[in-house]
Amino acid sequence: MKYVEDIIKLKGIGEKTAKLFYKLGIYNTEDLLCHYPRGYQAFKPPVKAAEGAGDEIVTLELFLPASFKWKKVRNLVIGTGVGSDGTDNVSLTFFNTPYLKNKLTAGSSYLFRGKVSAERGGYRMEQPKIFTWKEYAERMGGLQPCYGLTAGLSDRTIAKAVTQALSAFEEEEYLPEDIREEYGLIGRAGAVCQIHFPKDWVSLIEARKRLAFDEIFLFLLAVRKMKEYNEDLSTDYPMLETAWTGRLLEALPYRLTDAQMRVWRELEADLVSGKCMNRLVQGDVGSGKTILAFLCLLLTVSNGYQGALMAPTELLASQHFEQLCGMCGKYGLPFKPVLLTGSVGAAAKRKIYRQIEEGEVNVIIGTHALIQEKVTYQKLALVITDEQHRFGVRQREILSEKGGKAHVLVMSATPIPRTLAIILYGDLHLSVVDELPSDRLPVKNCVVGTSYREKAYEFITKQVRGGRQVYVICPMVEAGEEGEEGLENVVDYCEKLKGRLPVDVHVEMLHGKMKPADKKRVMEAFGAGHIHVLVSTTVIEVGINVPNATVMMIENAERFGLAQLHQLRGRIGRGKEQSYCIFMSGSDKKESMERLQILNKSNDGFYIAQEDLKLRGPGDLFGIRQSGAMEFRIADVYQDAELIKKVSMTVDKLLEDGRLETEKYAALKRYLNENAGNDIDFRSI
């Protein structure tokens, strides 16, 4: 991408607005153009309430015969009123929007946009968006992009900035014509324009196909390069079997499952082979991968070396650190661990850097801080990345390079089908922990509509009264964050629950935009049982372990991928008590309910992933929130499974027949050189 300007240089973006863009990770025009819409809306003419009732977002023109009534319930301000479309009455409810007191006046008409539900004697809308006719007319016709937002930043502000950036955007087409023809791909520059402002669904699908291809193509080139580098590479850190691992296995209060023991033998054999280990351990949530990582670290430190464990979040890194320290004290293990994350103070970091370089510590647990330039390891023999799909290939390579020819262990609970895993993790040998501990009670599931919500609250209260704890998951952090109506958000839902549940039920919230210290405080309080109900985003998806949490309710469950819902469900069912997962669907569509019923029938992540693949269709392009493996911006491992398989064969041929060295492929070669370091160093391909 040739056109890269600081975001603040765009017209209409001052320092205050620029800071909001920074919150989204948008610092320049390249970041902006790669901030793809999360969805699209077609603003159609207003309808009558009777026509609009159902799952779709619609717009009603309503006359307000009387003023709204406002009341405060604990910290929640609730506004209620009635509007008429000339035929039917519509009950309107707003939460925490006191500024509307002066906006909504009796005797006036407004456009209300949201979901309409039928109720006895009329209809209801909750938290609809309000438009004037002038505002609405500007949006009618075509598809309007809905972006990932933050408080204070609107879709219109981002769209205006994107329009400016596109006016100066130019990029050489790097894909040769034969590949574009084989896959039926439009040009790169056209795809970038169309993904933001498609004229119809056909042009949107064409744009997404091209951009998804690019991500997959470049990623698989990186993986192949890593594979060539790793083939039969002798390690600088030869190891021997020691008695420490056997002693720990005997001392543990539980026996490893047969699957765990099989994988441990594979890992141990790799570590003592004299060759660099490059292995992926894939296992369902709760299958016991962490103890395998700790055994590898124990073998490493008992051979006199250092090991590093990199987690995707500070929350998970802290949890691993505390767990390892606990085992160290309990079993007298020779670990000298240290925790290194971004929130560690400057003075403490300098001390940790010295300890690592001088070998005073032998296990370093942390986040991306482990791969900063200032970190120098003395004898880094083993690199473990937890939840591998959260790290790019280049990040994994940087960490392994810090140890010279170090061993690499990658762990993932993402239930990617084996055929796809072999392609996506093509530089690694694959081990699967395909058995859960026998003492685990299967989670009981139910898929329900929003009419069940009050009963769910009663059930939650009953569980809390019984000494248990609860997760409530929402798809958004705050209202309007994704530019979509009808989705629950953590901030408002937390306040709503405080008003609906008994006063002695302690409700708190957790989300990724909170400061690390605040997130840690909340999770520690939840882990200690001081918080009864935790309203959270998917930030708790990875590795959080609170055995006393026995209930999870997921709002707008239809908006998540099945594999991610399964990951979330893995946060419960970790103790001896029976656990329950309530999938609350905001959609009454038959297809949505059928998808969720797959989770109702099975707790097997690999089965669920396979079923997810079967169900995905063209209509699911942007409709399902999926964290996805590899953190692609637009491609999706499940949605694009067949494309991944086909592109894999293309990449293999491309590297085998030497086409990259021909004049026809010169633009592709230039593109790889210019983008070296984004995913991996392409210069040596």
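All residue numbers refer to positions in the sequence shown, counting from 1.
- Surrounding NZ of K646 are more than 12 heavy atoms belonging to other residues, nucleotides or ligands, all under 6.0 Å away.
- F294 has its ring centre no less than 6.0 Å from the ring centre of F335.
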Intermediate values then yes/no, side-chain hydrogen bond (donor to acceptor under 3.5 Å, both in side chains), H429 and N278: CA-CA 6 Å; H429 296 105; N278 286 286; over 6 Å; no
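- Around the CZ atom of R247, the shell of radius 6.0 Å holds more than 12 heavy atoms that belong to other residues, nucleotides or ligands.
- Remark: side-chain polar atoms of Q378 are paired, donor with acceptor, to backbone N or O of E358 under 3.5 angstrom.
- The CE atom of M523 lies 8.5 Å from the CD1 atom of I531; values are rounded to the nearest 0.5 Å.
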Stepwise salt bridge (charged side-chain N to carboxylate O under 4.0 Å, His left out) check, E642 with K645: CA-CA 5 Å; E642 293 307 313; K645 292 172 185 176; 3.4 Å; yes
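- E268 has a carboxylate O that lies under 4.0 Å from a charged side-chain N of R265, or vice versa, which qualifies the two as a salt bridge.
- The closest donor-acceptor contact from the side chain of N303 to the backbone of Y305 lies at 3.5 Å or more, if one exists at all.
- Using modelled atom types and a 3.5 Å distance limit, the side chains of S579 and T550 yield no donor-acceptor pair.
- Residues satisfying the salt bridge (charged side-chain N to carboxylate O under 4.0 Å, His left out) criterion with D258, sequence neighbours excluded, are absent altogether.
- Applying the side chain to side chain donor-acceptor pair (under 3.5 Å) criterion to Y174, with sequence neighbours excluded, gives D214.
- At a cut-off of 3.5 Å, with distance as the only test, a side-chain donor of E266 or S431 sits close to an acceptor on the other residue.
- Shown here for T245 and L295, the closest heavy-atom pair between the two residues is CG2-O, 3.7 Å.
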Criterion side-chain hydrogen bond (donor to acceptor under 3.5 Å, both in side chains) on R569 and N603, from CA distance to verdict: CA-CA 9 Å; R569 177 172 60 181; N603 287 306; 3.3 Å; yes
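- Between Y27 and Y22, the distance from one ring center to the other falls under 6.0 angstrom.
- Within 6.0 Å of the NZ atom in K336, the count of heavy atoms belonging to other residues, nucleotides or ligands does not exceed 12.
- Under the 3.5 Å distance criterion, with hydrogens and angles disregarded, a donor-acceptor pair is assigned to the side chains of Q469 and N548.
- Remark: the backbone N or O of H320 is not paired with any side-chain donor or acceptor of D386 at under 3.5 angstrom.
- Between the side chain of Q306 and the backbone N or O of V363 there is no donor-acceptor pair closer than 3.5 Å.
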